[in-house]
Amino acid sequence: MHLQHLSLSNYRNYTRLELALPLGLTIVQGANAQGKSNLLEAIVYLATSRSPRTSSDAELVNWLAQAEPYPYMRLAADILKNERLERLDITLMPGQNNGRLRKQVRINGVNKRAMDLIGMLLVVLFRPEDVELVAGSPSGRRRYLDIALCQMKPAYCRALSEYNKALAQRNALLRQLAATGRPAADQLRFWDEKLAATGSLVVARRQWLINHIQDEASLRHLDLSGGYERLQLRYLPSFDPGHFPNSRAPAYPSTQQLREKGVAYQSLEIDDVRTSFLAHMQAGRGRDVAAGMTLLGPHRDDIGFYLGQRNLRTYGSRGQQRTAALASKLAEVTIMTTVSGVSPLLLLDDVMSELDANRRAMLVDMLNASPQAMVTTTDWSHFDTPLLHAAHRLQVHQGQITVIVPDSPDAEPLPPEPRHPYSSSLGSTKR
Ligand code: ATP
Ligand code: MG
């Protein structure tokens, strides 16, 4: 897959950008706060119709444009995929009635749902904040699974969206039941079945992905850490999807036990998970009514990262957590390529400065093996000279991008510091 061209209008600090992108490695250099992360965020937004940094689309509209009578933002990408040229565009513009922003998604000029866009442009983004994948909250880990799976399997995305809608309905009903003290009504059965039908696919695919990440990531982790300890990923669901409780003998593991040990199935049949989920929901119905919410299901899933028997979330050093997160992200690239037959665009936001020489070298190998990759940096010296000379180089300053032409005076000397028009006025930008 080749992202050939990117156009941005009124997107964050880019008022207007037309950018051609070659295959291979592109390095984007800029001081702090010039637009490096914004650029990669724009590409992820085009791929997933969501920002990896914010849930508020309004934040993405350029501040100056926000003050205009008709504030709008537009992103577009030309992609060459399986020898077909596809054009994606997303526009945010004021809605007709309430003035709130409306999102319009188009593929090859035809209006589509945001969900149809996902999977057209495959991306894997890695940022320093991704250490939170291991160290942060379960919701971040679920989001990681969801973004990866939605890009690979459109049916997953549909099931997840239906699951979330059904969950909101079931929770509303449970709140009503809790408030009125009425016994659990038959209406619950309807939502139980809806949750089980959609949630079972979510659970089965998550287990599938975790197994694959585990296999790939443990190999990458050995290389990255130069160590001998095996990285393990375990699915930590809120109920055991391969176990069928009955009301007489609730012998299934407690949530606490599952949280500690997790479960590992080579593969899960969706129909089995459905039966199991339904049985667990019905066995736990009293608790759900008392709590006024659904206590079991994929919305409560988690993944555990372990080194030996130690959970990295609690016991890992920051460096160990970062290495595990990086290994998992790199594993995602391989899995996505195998599943879709198309290599995703690899996006690395300012990660070089945080890595030691060994990890940097590993990452550079990965970049070189990737058909198209973009990496941002504050400092050219994070890359060695041959790599810099082989790469397509861009410089960003206040939302304006300049292409560095290889033999131009601007491109020399490299490294340690390039002479570029802004370096003297901005001083050192190393972090
Ligand atoms: P760093 O090296 O610190 O990570 P960066 O180059 O990645 O910097 P970005 O995160 O891309 O910086 O942000 C660039 C600038 O865009 C920042 O100054 C930020 O305040 C600004 N910005 C963010 N949102 C908007 C917006 N909606 N309109 C205009 N500018 C914005
Ligand atoms: Mg940044």
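Just so you know, these numbers come straight off a predicted model, no measurement behind them.
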Parallel, tilted or perpendicular, as decided by the 30° and 60° cut-offs, for the rings of His280 and Phe239: tilted
Minimum heavy-atom distance between Met1 and Leu122, given as atom pair plus value: CE-O, 3.1 Å
Salt bridge flag under 4.0 Å for residues Glu216 and Lys329: no
Validation row: Ile90, Gln104 side chains within 4.5 angstrom (heavy atoms): no
Verdict with reasoning, Thr198 to Arg158, per side chain to side chain contact (heavy atoms under 4.5 Å, CB included): CA-CA 9 Å; Thr198 50; Arg158 284 194 295 276; over 6 Å; no
More than 12 heavy atoms from other groups under 6.0 Å of NZ on Lys81: yes
Donor-acceptor side-chain pairing of Tyr235 and Asn211 below 3.5 angstrom: no
Sub-4.5 Å side-chain heavy-atom contact between Ser343 and Ser370: no
Test item: Trp63 and Arg12 side chains (from C-beta on) under 4.5 Å apart, heavy atoms: no
Separation between CG of Leu19 and CG of Leu394, rounded to the nearest 0.5 Å: 5.5 Å
Worked verdict on Arg175 versus Met293 for side chain to side chain contact (heavy atoms under 4.5 Å, CB included): CA-CA 7 Å; Arg175 275 197 303 279; Met293 68 172 115; over 6 Å; no
Donor + acceptor pair across side chains of Arg53, Asn38 (<3.5 Å): yes
Salt bridge present between Asp146 and Arg143 (N-O < 4.0 angstrom): no
Close side-chain approach of Leu39 to Val28, heavy-atom, < 4.5 Å: yes
Separation of Leu75 CG from Ile43 CD1 (nearest 0.5 Å): 10.0 Å
Aromatic ring pairing Tyr14/Tyr11, orientation class (parallel under 30°, perpendicular over 60°, tilted between): parallel
Sole candidate of Val273, Asp192, Leu195 that passes side-chain contact (heavy atoms from CB on, under 4.5 Å) when paired with Leu278: Asp192
Donor + acceptor pair across side chains of Tyr306, Arg230 (<3.5 Å): no
Modelled atom types, side-chain donor and acceptor of Asp379 and Thr377, under 3.5 Å: no
Pairwise distance CG(Leu3) to CG(Asp78) - rounded to 0.5 angstrom: 8.5 Å
Gln395 and Thr402: side chain donor to acceptor below 3.5 Å: no
Intermediate values then yes/no, side chain to side chain contact (heavy atoms under 4.5 Å, CB included), Tyr315 and Leu307: CA-CA 9 Å; Tyr315 297 111; Leu307 216 47; over 6 Å; no
Flag, side chain of Asn311 to backbone of Arg313, donor-acceptor distance under 3.5 Å: yes
Carboxylate-amine/guanidinium contact Asp223 Arg220, below 4.0 Å: no
Flag if over 12 foreign heavy atoms under 6.0 Å of NZ, Lys165: no
Nearest-0.5 Å distance that lies between atom CZ in Arg393 and atom CD in Gln29: 10.0 Å
Side chain proximity check, Leu363 to Leu330, heavy atoms < 4.5 angstrom: yes
Ser276 (side chain) donor-acceptor with Pro241 (main chain) under 3.5 angstrom: yes
Main-chain N/O of Leu80 paired to Gln4 side chain as donor or acceptor, under 3.5 Å: no
pair Leu88-Arg106: side-chain heavy atoms closer than 4.5 Å: no
Shortest non-hydrogen contact between Gln34 and Gln398, atoms and distance: OE1-N, 2.7 Å
Expected output: side-chain Asp116 to main-chain Arg113 donor-acceptor under 3.5 Å: yes
Donor on one side chain, acceptor on other, Asn62 and Gln66, under 3.5 Å: no
Flag if over 12 foreign heavy atoms under 6.0 Å of CD, Glu269: no
Electrostatic pair Arg170-Asp288, nearest N-O below 4.0 angstrom: yes
Pair Ser139-Ser137, side-chain donor/acceptor within less than 3.5 Å: yes
Nearest atoms (heavy-atom pairs only) where Ser7 meets Arg87: OG-NH2, 4.3 Å
Test salt bridge (charged side-chain N to carboxylate O under 4.0 Å, His left out) applied to Asp302 and Arg142, Arg234, Arg141, the passing residue: Arg141
Donor-acceptor pair, side chain of Gln151 and main chain of Ala148, under 3.5 angstrom: no
Member of Leu348, Ile27, Thr26 meeting the side-chain contact (heavy atoms from CB on, under 4.5 Å) criterion with Leu367: Leu348
Approximate separation, where rounding is to 0.5 Å, of Ile401 CD1 and Glu18 CD: 11.5 Å
Any Leu387 side-chain heavy atom under 4.5 Å of Asp384 side chain: yes
Other residues, nucleotides, ligands: >12 heavy atoms within 6.0 Å of Arg360 CZ: yes
Flag, side chain of Ser49 to backbone of Tyr45, donor-acceptor distance under 3.5 Å: no
Residue pair Ser37 / Asp349, side-chain donor-acceptor N/O under 3.5 Å: yes
Shortest non-hydrogen separation from Arg300 to Thr294 and the atoms involved: NH2-O, 4.3 Å
Test item: Leu160 and Arg206 side chains (from C-beta on) under 4.5 Å apart, heavy atoms: yes
Side-chain (Ser238) to main-chain (Gly297) donor-acceptor, under 3.5 angstrom: yes
Partner of Leu209 by side-chain contact (heavy atoms from CB on, under 4.5 Å), out of Ile303, Ile335, Leu233: Ile335
Pair Asp350 + Lys36, salt bridge at N-O below 4.0 Å: no
By side-chain contact (heavy atoms from CB on, under 4.5 Å) - contacts of Ala159 (at least two apart): Leu201, Val202
Closest heavy-atom pair and its distance - Ala204, Ile270: CB-CG1, 3.9 Å
Heavy-atom closest pair, residues Ser51 and Glu41: OG-OE2, 2.7 Å
Leu345 side, atom CG; Leu121 side, atom CG - distance, nearest 0.5 Å: 6.5 Å
Exam field: side chain Asn10 to backbone Tyr72, donor-acceptor pair closer than 3.5 Å: yes
Side chain to side chain contact (heavy atoms under 4.5 Å, CB included) assessment of Val396 paired with Thr376: CA-CA 10 Å; Val396 56; Thr376 70; over 6 Å; no
